[in-house]
Amino acid sequence: MKTIVITGGAGFIGSHVVRLFVNKYPEYHIINLDKLTYAGNLANLKDIEDLPNYEFVKMDICDFDAFYRLMQEKKVEGIIHLAAESHVDRSIKDPFTFAKTNVMGTLSLLQAAKLYWESLPEGFEGKRFYHISTDEVYGALAMDDSLFTEQTKYNPHSPYSAAKASSDHFVRAYHDTYGLPTIVTNCSNNYGPYQFPEKLIPLFINNIRKRKPLPVYGKGENVRDWLYVEDHARAIDIIFHNGKTAETYNIGGFNEWKNIDIVKVLINTVDRLLGRSEGEDLDLITYVTDRQGHDMRYAIDSTKLQRELGWEPSLQFEEGIEKTVRWYLDHQDWLDNVTSGDYQRYYDNMYSHR
């Protein structure tokens, strides 16, 4: 049985990747490795937690010794690395945590994988270290038709994107220096079920539901490329199995929206599904001081991934937003539990006795 570790598997994107792999590959042993910080919630995986090929391990990726032992004990053959601090606002307030987790945590995994795999008779053969990154490492685009490609020069502007850029460089350096079989992908903004409600779409769905203000940075003219999270998980599956070692693949939806336009779509969708008059809650929009170093536009060119591996997004944004809003409105208990912080106190108590 092939053993694969998915780091950050209790988080938003990670939980979708874990679910996909556990259900699609019963012959794999999937280890969900997560520290269970505020963004990690095992309730995201209730539907698969009892399946025989799934295992959860609570661990900090910065704990090199513990991860190296896990590699040896479980005979890990593949790593899909999603664990990261990811919220830009938090990185502005606490850059040290982002540097520690995103840079040193990634380095810890790389070194453990290198030491364990090179000790095996077959060496690196059949192994894979897959590092998931972000489009934010590329900096900002002009308000034109330009797109980020795999050749775009790195130009990070926030502590978050700087930490992710550094981790990307370490991953590539481990291939170039030691021959570690690595792959890096850079993805655009994700949305969908189980996203922690500090991010724009779930935050605003919840605020519209409760008729609370919708804080929009600046004039709301910043542009982002959006991808439904299950499409990202499918891309990760395809790349993990069929991508070329040492390659970079950009993952995006060719789906650019201004923030203010997304907010208006969310208002109209939530109001309609709750039986309110369309646009009834437009007056909740509240313009606030812009974020420091706020990049104006991101947009991904995923042509290489589509051409070489046959992946393409399955949902148009309007369809994806409809599914996403319906999910949050149908799972208000999950949303309320996360926003209250009760889930975190539960896990703190559970694991403090182990």
Side-chain angles (χ1 to χ4, degrees), residues 2 4-25 28 30 32 44-45 48 78-84 86 106 127-138 147-152 161 164 167-168 171-172 175 181-195 199 201 224-257 298-317 319-321 323-324 327:
K2 191 184 188 88
I4 299 170
V5 168
I6 300 176
T7 71
F12 167 46
I13 300 172
S15 62
H16 286 275
V17 177
V18 167
R19 179 178 295 103
L20 174 62
F21 272 67
V22 168
N23 286 326
K24 186 174 180 179
Y25 302 106
Y28 289 179
I30 302 299
N32 170 11
N44 298 355
L45 293 164
I48 64 161
I79 298 169
I80 300 175
H81 176 35
L82 292 116
S86 66
T106 300
K127 311 302 187 296
R128 174 146 285 179
F129 189 108
Y130 180 175
H131 176 67
I132 285 82
S133 188
T134 172
D135 57 359
E136 297 192 40
V137 298
Y138 296 126
L147 298 170
F148 294 136
T149 72
E150 288 81 0
Q151 286 73 46
T152 300
S161 57
K164 288 298 289 185
S167 67
D168 295 3
V171 173
R172 295 188 178 104
H175 172 268
T182 62
I183 285 182
V184 176
T185 55
N186 300 84
C187 191
S188 59
N189 282 29
N190 282 212
Y191 69 97
Y194 298 111
Q195 187 170 27
K199 299 297 179 80
I201 288 177
R224 297 295 181 262
D225 177 15
W226 292 89
L227 181 68
Y228 191 65
V229 64
E230 291 181 3
D231 283 334
H232 188 189
R234 285 194 307 105
I236 290 171
D237 175 24
I238 292 169
I239 294 165
F240 180 77
H241 288 97
N242 301 311
K244 297 177 182 177
T245 295
E247 287 289 332
T248 298
Y249 297 93
N250 279 353
I251 309 171
F254 290 107
N255 182 39
E256 296 181 55
W257 285 75
Y298 304 144
I300 283 281
D301 183 350
S302 54
T303 301
K304 175 181 175 180
L305 176 58
Q306 295 185 21
R307 182 183 66 248
E308 294 187 8
L309 299 181
W311 173 91
E312 60 183 18
S314 66
L315 292 181
Q316 296 299 315
F317 189 67
E319 183 184 359
I321 280 293
K323 287 184 65 174
T324 299
W327 188 89

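Along the sequence shown, residues are numbered consecutively beginning with 1. Quick caveat: nothing in here was measured; it's all calculated off a predicted structure.
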Any donor-acceptor pair under 3.5 Å linking the side chain of [X] with the backbone of [Y]?
X	Y	result
Asn186	Thr134	yes
Ser188	Gly252	no
Arg128	Phe240	yes

- Query: Looking at Gln306, Arg234, His232, which one forms a side chain to side chain contact (heavy atoms under 4.5 Å, CB included) with Pro313?
  - Reply: Gln306
- Kindly determine whether Phe317 and Tyr191 satisfy ring pair (Phe, Tyr, Trp, His ring centres under 6.0 Å), including the steps that lead there. CA-CA 10 Å; Phe317 189 67; Tyr191 69 97; 5.2 Å; yes
Strictly under 6.0 Å, is that where the ring centroids of [X] and [Y] end up?
X	Y	value
Tyr298	Tyr138	no
Phe21	His241	yes
Tyr194	Phe12	no

So, taking the atom named [atom1] in [X] and the one named [atom2] in [Y], what distance separates them when rounded to the nearest 0.5 Å?
X	Y	atom1	atom2	value
Thr248	Glu150	OG1	CD	7.0 Å
Asp237	His16	CG	NE2	15.0 Å
Leu227	Cys187	CG	SG	5.0 Å
His81	Ile183	NE2	CD1	15.0 Å
Trp311	Asn242	CH2	CG	15.0 Å
Ile13	Asn44	CD1	CG	12.0 Å

- Task: Can you sort out the partners of Ser167 under side chain to side chain contact (heavy atoms under 4.5 Å, CB included), two or more places apart, ordered by chain and number?
- Result: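 Partners of Ser167 under the side chain to side chain contact (heavy atoms under 4.5 Å, CB included) test: Thr106, His131, Lys164.
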- Item | Partners meeting side chain to side chain contact (heavy atoms under 4.5 Å, CB included) with Glu247 (sequence neighbours left out) | Lys244, Tyr249, Lys304
Looking only at heavy atoms, what is the nearest atom pair of [X] and [Y], with distance?
X	Y	result
Asp225	Ile300	OD2-N, 3.2 Å
Val18	Ile30	CG1-CG2, 4.4 Å
Ala83	Gly8	CB-N, 3.5 Å
Pro193	Tyr228	CD-OH, 3.5 Å
Pro181	Thr245	CA-CG2, 3.6 Å
Asn189	Asp135	N-OD2, 4.2 Å

Can you confirm whether the side chains of [X] and [Y] place a donor and an acceptor under 3.5 Å from each other?
X	Y	value
Ser314	Asp231	yes
Ser133	Asp168	yes
Thr185	Tyr130	yes

Would you say the side chain of [Y] lies within less than 4.5 Å of the side chain of [X], judging by non-hydrogen atoms?
X	Y	result
Ile80	Thr7	no
His175	Arg172	no
Ile239	Ile251	yes
Ile236	Ile132	yes

- side-chain contact (heavy atoms from CB on, under 4.5 Å) assessment of Leu147 paired with Phe254: CA-CA 9 Å; Leu147 298 170; Phe254 290 107; 4.1 Å; yes
- Please walk me through it: do Lys2 and Tyr25 pass side-chain contact (heavy atoms from CB on, under 4.5 Å)? CA-CA 10 Å; Lys2 191 184 188 88; Tyr25 302 106; over 6 Å; no
- Task: I would like to know whether Ile79 and Ile4 meet side-chain contact (heavy atoms from CB on, under 4.5 Å); could you show each step before the answer?
- Result: CA-CA 6 Å; Ile79 298 169; Ile4 299 170; over 6 Å; no
- Derivation of the side-chain contact (heavy atoms from CB on, under 4.5 Å) call for Ser15 and Leu45: CA-CA 6 Å; Ser15 62; Leu45 293 164; 3.9 Å; yes
